[in-house]
Amino acid sequence: MQQRRKDLRFPLPRGFAARLQGRRVLKVDRRAKYILIHLEGDEILLCHLGMSGRMLIGNGPVLEPEAHDHIILETDDGGHVRFNDARRFGMMDLVSEAGLARHKLIKGLGPEPLDPAFTGAVLATRLDRKATSIKAAILDQRVVAGIGNIYASEALFRAGLSPKRKAGTVQGPRAEKLVAAIKAVLAEAIAAGGSSLRDYVQTDGELGYFQHRWAVYEHEGEACPACECDIAVTGGIRRMTQGGRSTFYCPRRQR
DNA sequence: CACGCCACCTGTGAGC
DNA sequence: TGCTCACAGGTGGCGT
């Protein structure tokens, strides 16, 4: 294990390298956008990729680290896993199994969107009386965990809901429809290998290709795939800024 | 407490 | 060609 910086977004924990040294990996899973690497000895390596972070798996030792290779995990078969993150919005921490649910980055997280327990009724309850926009609400990891800016626009488009709609009004059938849309968008994106912006790659180095299926994201001015309307009249897909983030939507289809 | 906004950091691409 | 500037996938923290 090579630790090439003392911090990522946050300081790495004291004794970080020593606490990883020689630990066998028991399993890897995740909660929301956090990767959980469970290690022998009651230690979980908690990782978040931020916006630009990548885990790159390679054979053999890392002879010459590349720019922004911050953490290099060496495996006992002679291979390695590099955490590379140009923007350094990613983070890592170590936590015990019992401490995970109480960890400050984990404890407030909302339900997993792909969990069968995440239903329209559950979302409706969590949105009840929320004054903020539905776009901001589904991006809020405390409301539902794991939806990012691209999939928020895509899910609202599929559900036919305006991103500007007050979150508290998404109740009953609207909440059911939104939950179905969120599940469908995420499942399809996972099956397609994720979305690529610029140089995003999967662990095998291939580009994700869900971006080719975006209906609205980065399609400003283009025809809405669900409308028959004349683009010369409607202007097609629109882009606006909400909370400093881009939102793409069809004002005719989404209400 | 709920909400809106900014900062964090670097790379990229557009515009001049 | 080379410079400057706006913007980018996330989220913690602060002010209101």
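By convention in this document, chain letters (A, B, ...) are assigned in the order of the sequence lines, proteins followed by strands, and residues within each chain are numbered from 1.
Counting any heavy atom pair closer than 4.0 Å across all strands shown, Gly148(A) reaches sugar-phosphate atoms only and no base atom. Using a 4.0 Å heavy-atom cutoff across all strands shown, Ser52(A) reaches no nucleic acid atom at all.
Summarising the geometry, the separation between CG on Asp7(A) and P on dC9(B) is reported as 9 Å, rounded to the nearest angstrom. Between the CD atom of Glu218(A) and the P atom of dA8(C) there is a distance of 8 Å, rounded to whole Å. When rounded to the nearest whole Å, the span between CZ of Phe248(A) and P of dG9(C) equals 8 Å. Atom CZ in Arg88(A) sits roughly 14 Å away from atom C1' in dA7(B) (whole-Å rounding). Spacing between atom CZ of Arg31(A) and atom P of dG10(C) amounts to 17 Å, rounded to whole angstrom units. Look at CZ on Arg142(A): it is 14 Å from C1' on dG10(C), rounded to the nearest Å. Going from atom CD1 of Ile138(A) over to atom C1' of dG10(C) covers 15 Å, rounded to whole Å. Rounded to whole angstrom, the span from the CG atom of Asp85(A) across to the C1' atom of dC9(B) amounts to 9 Å.
In terms of polar N and O atoms assigned as donor or acceptor, the side chain of Arg87(A) comes within less than 3.5 Å of the base of dC9(B) in a complementary pairing.
With 3.5 Å as the limit, one finds no donor-acceptor pair spanning the side chains of His70(A) and Asn84(A). At a cut-off of 3.5 Å, with distance as the only test, a side-chain donor of Lys135(A) or Thr247(A) sits close to an acceptor on the other residue. Using a 3.5 Å distance cut-off with no hydrogens or angles, the side chains of Asp42(A) and Ser96(A) do not pair a donor with an acceptor.
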- Does the pair Arg239(A) and Ser246(A) meet the rule for a side chain to side chain donor-acceptor pair (under 3.5 Å), with working shown? CA-CA 7 Å; Arg239(A) 173 197 191 128; Ser246(A) 290; 2.9 Å; yes
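Side-chain atoms of Lys183(A) come within 3.5 Å of backbone N or O of Pro113(A) as a donor-acceptor pair.
In this structure the side chain of Asp93(A) never reaches within 4.5 angstrom of the side chain of Leu105(A), judged on heavy atoms.
Considering only side-chain atoms of Arg239(A), the nucleotide from dG9(C), dT10(B), dA8(C) that sits closest is dA8(C). Residue Phe89(A) places its side chain closer to dC8(B) than to any other of dC3(B), dG9(C), dC8(B). Considering only the side chain of Thr132(A), dG4(B) comes nearest among dG4(B), dG9(C), dA8(C).
Residue Ala136(A) is the one, among Ala86(A) and Ala136(A), whose nearest nucleotide of DNA chain B lies closer to the 5' end (criterion: closest heavy atom).
Cation-pi geometry between Lys107(A) and Tyr34(A) is not met: the NZ or CZ atom fails to fall both under 6.0 Å from the ring centre and inside 45° of the normal.
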- Query: Once each nucleotide of nucleotides 11-16 of chain C is scored for protein heavy atoms under 4.0 Å, what B/S/- sequence comes out, 5' to 3'?
  - Reply: BS----
- Task: For DNA chain C, just give me the dot-bracket, please: Watson-Crick or G-U, both distances below 3.5 Å, ( ) intra-strand, [ ] crossing earlier pairs, | paired with another strand, . unpaired.
- Result: .|||||||.|||||||
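Within 6.0 Å of CG in Asp230(A) there are more than 12 heavy atoms belonging to other residues, nucleotides or ligands.
A sub-4.0 Å separation between OP1 or OP2 of dG9(C) and a side-chain N or O of Tyr217(A) is present. In this model, the phosphate group of dC3(B) is approached by a side-chain N or O of Lys130(A) to a distance below 4.0 Å at OP1 or OP2.
Rounded to a whole angstrom, the distance from the P atom of dC9(B) to that of dC14(C) is 16 Å. dC5(B) and dC7(C) are spaced 16 Å apart, taking the P atom of each and rounding to whole Å.
Note: the hydrophobic cluster containing Met1(A) also contains Ile35(A) (ILVMFWY, side chain heavy atoms under 4.5 Å, direct or indirect links).
Cys227(A) meets the side-chain contact (heavy atoms from CB on, under 4.5 Å) test with Cys224(A), Cys229(A), Cys250(A), Arg252(A), Arg253(A); sequence neighbours excluded.
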